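One structure is given here, and the rest of the page talks about it.
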Amino acid sequence: MRITAEELLQRYAAGERDFSGVDLEGANLVRANLSEAKLRGANLARASLREADLRGICLVDANLEGADLIGADIQPVEFQYSQLMGANLSYANLRGVYFGWASLSNANLTSANLRCANLACSSLDGANLTNADFSGAALDSANLTNVEFAGIDLDWTILTNTNFRGAKVLDVPWEQPGIRFPGRGVLFLKTILPDGEIVEGPYYSSP
């Protein structure tokens, strides 16, 4: 069901919270307060949610392809199975967000806060992760092929079956034994490094 940004905000202000399945493609929701709203299966492709308050929102199976979420407060949020291809999440607060099975291919996550986020089985191929903070995040079986992640923080992450083949990282050599990696206390288990080498593990990088 197609609704306008104005209608959404009016209904939200009146106390409504369940907007599952609505079509808001291209909507202007800059700095909107949608905290605790339910947008399961909604179409927010190319919508502008810059600096929006999305705390506690449900975006399971939502389409956010090409959406602008720069600086949005998005924690904690359910994003599992969502489509975020090419979305701009730079500088967004994504701490503790659940991205299980989400597609973030070619997304921009520059300087995003992803501390303790769960990205199990997600796809981030080709994403820009420059200066993103993934400390404490779970990246089990995630696809990070061909990502750009100079300056990334991967302290205390879980990299079980994680694929980094072709990843581009500056000034951080990848070596084994004693794997030098952009993070301390990292768990490697069947992890594929950028050069295709597999760290069978279990192996913990030095804290």
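Note that this is a predicted model, so its numbers are computed, not measured. Nothing fancy with the numbering, it's 1 onward along the sequence.
- N131 places none of its side-chain heavy atoms less than 4.5 Å from the side chain of I152.
- Rounded to the nearest 0.5 angstrom, E16 CD and Q10 CD are separated by 11.5 Å.
- R165 is linked by a salt bridge (Lys or Arg N to Asp or Glu O under 4.0 Å) to nothing, counting only residues two or more places apart in sequence or in another chain.
- Listed by first and then second residue, the ring-ring contact (aromatic ring centres under 6.0 Å, His included) pairs that reach into residues 23-79 are F79-F99, sequence neighbours excluded.
- Other residues, nucleotides and ligands contribute over 12 non-hydrogen atoms within 6.0 Å of the CZ atom of F19.
- Note on E65 versus R46: no salt bridge recorded, every NZ/NE/NH1/NH2 to OD/OE distance being 4.0 Å or above.
- To the nearest 0.5 angstrom, L29 atom CG is 5.0 Å from L49 atom CG.
- N163 and T145 share no side-chain donor-acceptor pair at under 3.5 Å.
- To the nearest 0.5 Å, atom CG of residue L189 and atom CG of residue D140 are 9.5 Å apart.
- For the 3.5 Å distance criterion, the side chains of N43 and D23 qualify, holding a donor opposite an acceptor.
- Side chains of S35 and Y12: a donor-acceptor N/O pair is present below 3.5 angstrom, by distance only.
- With sequence neighbours left out, the salt bridge (Lys or Arg N to Asp or Glu O under 4.0 Å) criterion links E36 to no other residue.
- Closest of all the heavy-atom pairs between L114 and F134 is CD1-CZ, 3.4 Å.
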